[in-house]
Every structure is written in C-alpha cells, then in structure tokens.
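Below, chain A is the first sequence line, B the second, and so on; all start at residue 1.
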Protein chains: 2
Amino acid sequence: MVIKNAAKADGQNRPNVYDANCPTRVILDRIADKWTVLVLTFLEDGPVRFNALRRQIDGISQKMLAQTLRQLERDGLITRTAIATVPVTVEYAITPLGRTLADTIKPLTEWAEHYFGDVQRAQQQYDRAQAG
Amino acid sequence: MVIKNAAKADGQNRPNVYDANCPTRVILDRIADKWTVLVLTFLEDGPVRFNALRRQIDGISQKMLAQTLRQLERDGLITRTAIATVPVTVEYAITPLGRTLADTIKPLTEWAEHYFGDVQRAQQQYDRAQAG
DNA sequence: CGGCATCCGCCCAGATACTG
DNA sequence: CAGTATCTGGGCGGATGCCG
C-alpha cells in the first residue's frame, strides 16, 4: 500500500508516480532513457536532420538515435518531416508539447553542469572510506 | 565535432552535455536510472527505513533498491544511518545536495502527472496511423 | 542520406537462498 | 530488519550489411 499519496492510479483520483500501475510511470521511464533528454533538449533550438543529430550528440549509435526519435515522435514530442530530395532529407522538430517537456528537463542538465564537481568529490570520499 | 557548444569537456571551458567525455554525462546517466528519481523525491519529506521504501515504491525489488540507495549514498545525495537496535534499523535521509537535485527533478514528475494524457492520445493516434 | 534487418555479446534485473 | 551472494535469462545496445 502506498501511504504518501493514497490515490490509486485507476480512475477518479490524482495520479501517483509511486504506484507501479500509474501511467505517469511510462513517462518517467521514457525520461529515464539514456538519450531522450539529450535529443529533446538539442531540438529546442530548431529542426535538425538525422545525421546532424548523430554527429552532434556524441556517442549515440544510429540505431539508438532512430529508436529514440521514433519513440519521441510516437509520444507527440517531436515531428518527422521527410523532404523528397535526392538523396532524401529528413528533419526532426520539437512540438509545443515537446517544448514544455524540454523546458522541464533543461534545469536537469544545468544541475549536472553546476554540481557534478560536488558529486565527484563525494564519490572520491566514499571510495576512500571503503578502501580504508 | 560539436557545434551547439564548442566548449570541450576537458578543462578550461564550460561543460557540454553533448560531449560523451563530459563528466556531466555521468550525472545524466544517474538521473536516467529508472528508480533514482522515485527514491530521491520520496526521501524529500524525511528519513525512511529500507523496508518502508521497499513497500511504498511500488514495483522495486530489494536488489534494485539496495543498489540505488548505495549509488545515491556514494554520490552524496543521501545518507545512511544504522541504528543498533534488535533487529537493526537503517534510515536513509536526503542531504542538502540531494535536496537541490530533488527540487530540480520534482517538476518532472509534475509534468508527467499533468501531460501523460496528451502523450497517451498522441501514442494512440500514431498507432492508428501506422495500422491504417 | 536516412534508415531497417539481422546477428550477437554482455550486462541488468529478477528470483531464490542465506546471513548478521 | 536489512541486506549480500549466486544463478539465470531476457533484453539492450553495438556492429555489420543492405535498401529506397
């Protein structure tokens, strides 16, 4: 039983992320994807083509990029536009809904940039304590 | 080459999450963990014991909970306090650093609770379009 | 250029059993 | 109560090859 928020996911009450059957868990799992955050925030500045994304998001494979993009498109967070040139050009753009999410997760990357030093120091201290 | 932010991770310039070698990626990967967000936000309201967390965070296994807690402790985001009772009691509490992160990711769960309906509708529309 | 299909290794997560 | 230890399989993600 969930104490913190007694509301059940199935129906009339408020959704509860701590309930495994709550649909908000799906969203959380999506955000918990390794690449979703990076791809979505990258598209904030304007439409980008597939290979441009591939090059600029360092470390992503074409398979994972394609997978992530398809998922984001399915969620209505980005759009996919194929332009019939030779060779074909495909542009990905963020949707208004996607932008609300991007705005929400942006502070996250800022937190990472601001505090990663503190975290690293904590880790080193922890590791020393374990070793000693 | 990264265009969006020319700064390299190694040294004098600003960190760049789009660079695979950037230490902020480590933070992002941590946040991208399935359970980190839930555990950390849950501890915002005060210290909680192991089995209490296990019961209240629906769907988590004891293995994953232990793993997540150890990781969070190592990152300096939570503390672990063992009280020598019989049987032993262990309380986990959020640190000031952890609280800054919890405050940062909280809007995320709120986004999920607010917009999951829009996402579900988008998914259904997408799936219909694929089927038809 | 922008993918998809296939194969495959490896790690992650669940289940189970045991301990202080 | 609060974990650790071990085994196991399913899936994730990388590499490669092919196509419109």
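In this structure, the CG atom of A:L65 is 16 Å from the C1' atom of D:dA15, given to the nearest Å. Remark: C1' of C:dG2 and CD of A:E73 are 14 Å apart, rounded to the nearest angstrom. Nucleotide D:dA2 holds its C1' atom 11 Å from the CG atom of B:L69, rounded to whole Å. If you measure from atom CD1 of A:I60 to atom P of D:dG14, you get 8 Å, rounded to the nearest angstrom. Computed from coordinates, the B:N51 CG to D:dA2 P distance equals 5 Å when rounded to whole Å. C:dG3 atom C1' lies 17 Å from atom CD of A:Q71, rounded to whole Å. When rounded to the nearest whole Å, the span between CG of A:D29 and C1' of C:dC12 equals 15 Å.
With contacts defined as side-chain heavy-atom distances shorter than 4.5 Å, the pair A:I60/A:W35 qualifies. Put simply, the side chain of A:L28 reaches to within 4.5 Å of the side chain of B:L108, judged on heavy atoms.
Every side-chain contact (heavy atoms from CB on, under 4.5 Å) that A:Q125 has, sequence neighbours left out, goes to A:R128. In this structure, the side-chain contact (heavy atoms from CB on, under 4.5 Å) partners of B:K34, at least two apart in sequence or on a different chain, are A:D29. Applying the salt bridge (Lys or Arg N to Asp or Glu O under 4.0 Å) rule to B:D118 yields the partners B:R121; only residues at least two apart in sequence or on another chain are considered. With sequence neighbours left out, B:T100 forms a side-chain hydrogen bond (donor to acceptor under 3.5 Å, both in side chains) with A:W111. Listed by chain and number, the residues in a side-chain contact (heavy atoms from CB on, under 4.5 Å) with A:A122 amount to none (sequence neighbours excluded).
Nucleic acid contact class of A:R54 (heavy atoms, under 4.0 Å, all strands): none.
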Taking only N/O atoms, report every protein-nucleotides 5-13 of chain D pair under 3.5 Å with atom names and distance.
unit_1 : atom_1 : unit_2 : atom_2 : d
D:dG13 : N7     : A:K63  : NZ     : 2.9

List every contact pair, protein side and nucleotides 18-20 of chain C side both N or O, where the distance is under 3.5 Å.
none

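Side-chain N or O atoms of B:R25 include one that pairs as donor or acceptor with a backbone N or O of B:V17 at under 3.5 Å. No donor-acceptor distance shorter than 3.5 angstrom exists from the side chain of B:D58 to the backbone of A:D19, with no hydrogens or angles considered.
When the C1' atoms of four end pairs are superposed on the next four at each end of the helix from C:dC1-D:dG20 to C:dG20-D:dC1, using five pairs per end, the two resulting axes differ in direction by 50°, to 10°.
Between A:R70 and C:dG3 there is no side-chain N or O to OP1 or OP2 distance below 4.0 Å. In terms of phosphate contacts, A:R80 brings a side-chain nitrogen or oxygen within less than 4.0 Å of OP1 or OP2 of C:dG3. When the side-chain nitrogen and oxygen atoms of A:Y92 are compared with OP1 and OP2 of C:dG3, one or more of them lie within a distance under 4.0 Å.
Heavy-atom minimum distance, B:N16 versus B:C22: O-CB, 3.1 Å.
Every pair tested for salt bridge (charged side-chain N to carboxylate O under 4.0 Å, His left out) that includes a residue from residues 85-105 of chain A fails, sequence neighbours excluded, so the list is empty.
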Could you pull out all donor-acceptor pairs under 3.5 Å where a side-chain atom in residues 71-86 of chain A meets a protein atom, sequence neighbours excluded?
unit_1 : atom_1 : unit_2 : atom_2 : d
A:R74  : NE     : B:D127 : OD1    : 3.0
A:R74  : NH2    : B:D127 : OD2    : 2.8
A:D75  : OD1    : A:R30  : NH1    : 3.0
A:D75  : OD1    : B:Q123 : NE2    : 2.8
A:D75  : OD2    : A:R30  : NH1    : 2.6
A:T79  : OG1    : A:A93  : O      : 3.4
A:R80  : NE     : A:Y92  : OH     : 3.4
A:T85  : OG1    : A:P87  : O      : 2.7
A:T85  : OG1    : A:T89  : N      : 3.3
A:T85  : OG1    : A:T89  : OG1    : 2.8

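Candidate nucleotides C:dG3, C:dC1, D:dA2 were compared by shortest atom distance to the side chain of A:R49, and C:dC1 ranks first.
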